[in-house]
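Single-structure report; data block below.
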Amino acid sequence: TTTVNYKEVNYELYIHFDSDLIHLISNYNAYQKAITKGDPYKLFGLKDITKRDDSILRYINYKCKGKCDINKVIENYNNVISENEVQKVIQRLVEVGCLLSQNDKVQITNDGRNIL
């Protein structure tokens with residue numbers, strides 16, 4: 001579980017079951033803080049990002065600490081999606097600026113992190 005504060009009330013939520021709610025509350029709190037302080041706050045998004053795109057971005061960012069060999073990504077999704085599909089997703093994410101690819105390695109960009 002994790003504790004989140006919403007409008008000065010603490011809530012204990014199950015990370016696995018309430019992850020969307022935790023994310024929503026955390027973002028709301030960040031927006032409110034930025035608005036109250038008058039800080040600039042930018043929202044980043046990617047048109048038509050798929051669950052598959054998001055999953056691979058999150059894998060590279062969180063599990064691989066932002067960079068890894070493409071073969072490691074392919075291996076992680078073995079028996080889930082084909083190697084060809086992983087390659088297509090990586091290429092798409094490179095084209096939209098979420099990943100950098102060089103010498104069979106991928107690295108998440110700031111834009112890619114901002115989408116997460």
Problem set entry | From E83 atom CD to I81 atom CD1, the distance as rounded to the nearest 0.5 Å | 11.0 Å
Exercise. If you draw a 6.0 Å radius around CG in D104, do more than 12 non-hydrogen atoms from other residues or ligands fall strictly inside?
Worked result: no
Exercise. At what distance, to the nearest 0.5 angstrom, does NZ of K7 lie from CG of N29?
Worked result: 10.0 Å
For this session: Give the cluster check for L100 versus I108: same hydrophobic cluster or not, with ILVMFWY residues linked at side-chain heavy-atom distances below 4.5 Å.
Result: no
Problem set entry | Nearest heavy atoms of Y59 and V73, plus distance in Å | CE2-CA, 3.9 Å
For this session: Would you give the length of the straight line joining atom CG of N76 to atom CD1 of I56, rounded to the nearest 0.5 angstrom?
Result: 9.0 Å
Exercise. Got K105 and C68 here, is their nearest side-chain heavy-atom distance under 4.5 Å?
Worked result: no
For this session: Check whether more than 12 heavy atoms from other residues, nucleotides or ligands sit under 6.0 Å from atom CD of Q32, and answer yes or no.
Result: yes
Exercise. When rounded to the nearest 0.5 angstrom, what distance separates OG in S101 from CD in E95?
Worked result: 11.0 Å
For this session: Starting at CD1 of I115, measure out to SG of C98 and round the result to the nearest 0.5 Å.
Result: 3.5 Å
Exercise. T50 and D53: side-chain donor and acceptor closer than 3.5 Å?
Worked result: yes
Exercise. Under 6.0 Å from the CD atom of E12, do we count more than 12 heavy atoms belonging to anything else shown?
Worked result: yes
Problem set entry | Q87 versus Q91, side-chain donor and acceptor atoms under 3.5 Å | no
Exercise. For S82 and Y77, does a side-chain donor sit closer than 3.5 Å to a side-chain acceptor?
Worked result: no
Problem set entry | From Y62 atom OH to R113 atom CZ, the distance as rounded to the nearest 0.5 Å | 9.5 Å
For this session: Would you kindly say whether N61 and R58 are connected by a side-chain donor-acceptor distance under 3.5 Å?
Result: no
Problem set entry | N-O pairing of E85 and K88 below 4.0 Å | yes
For this session: Treating Ile, Leu, Val, Met, Phe, Trp and Tyr as nodes and any side-chain heavy-atom pair under 4.5 angstrom as an edge, say whether L93 and V80 lie in one connected cluster.
Result: yes
Exercise. Under 3.5 Å, side chain of T109 to main-chain N/O of G97, donor-acceptor pair present?
Worked result: yes
Seminar exercise, completed: Paired with L57, the side-chain contact (heavy atoms from CB on, under 4.5 Å) test is passed by just one of V106, V89, L99, namely L99
Problem set entry | N5 side chain vs Y11 backbone, donor-acceptor pair below 3.5 Å | no
Problem set entry | Non-hydrogen side-chain atoms of L13 and V4 separated by less than 4.5 Å | yes
Exercise. Hey, quick one: are Y28 and I35 part of the same hydrophobic cluster, counting side-chain heavy atoms closer than 4.5 Å, chains of contacts allowed?
Worked result: no
